[in-house]
Amino acid sequence: MDKKNALRAGALAAGTTLMMLLMSSPALALTRDDGDDPGKGLSVIETLGLYVLCPLALFAIIAGLVLALDKSKDRQPKTKAPAKAKV
């Protein structure tokens, strides 16, 4: 029974993917829209800075603020009391 369900799921996924590929039209991306005025492209350094370094810096700033402003005093993991043996 599992093999039949897996086959059905694979066929559905393949069919959906095929239909999406057939319905999309990448050729329409080549035509410009009215009023479209793209600027100059980004260099490799600018792209890496914008999409890699900026998010990493933002993450580091937020993590640093959370650590610096954390007011918790209890940092040690709580230990469980030993279980009492039944007599």
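Residue numbers run from 1 in the order of the sequence given. Since this is a predicted model, take the numbers as computed values, not measurements.
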J.: Could you state the interatomic distance from OG1 (Thr16) to CG (Leu21), rounded to the nearest 0.5 Å?
T.: 11.0 Å
J.: Look at atom CD1 of Ile45 and say whether more than 12 heavy atoms of other residues, nucleotides or ligands are closer to it than 6.0 Å.
T.: no
J.: Rounded to the nearest 0.5 Å, what separates atom NZ in Lys3 from atom CG in Asn5?
T.: 13.0 Å
J.: Kindly work out whether a path of hydrophobic side-chain contacts (I/L/V/M/F/W/Y, heavy atoms less than 4.5 Å apart) joins Val66 to Phe59.
T.: no
J.: Please round to the nearest 0.5 Å and tell me the distance separating atom CG of Leu22 and atom OG1 of Thr17.
T.: 11.0 Å
J.: Measure the spacing between CD1 of Ile62 and CG of Leu67 and express it to the nearest 0.5 Å.
T.: 12.0 Å
J.: If hydrophobic clusters are built by linking Ile, Leu, Val, Met, Phe, Trp and Tyr wherever their side-chain heavy atoms come under 4.5 Å apart, do Leu7 and Leu18 end up in the same one?
T.: no
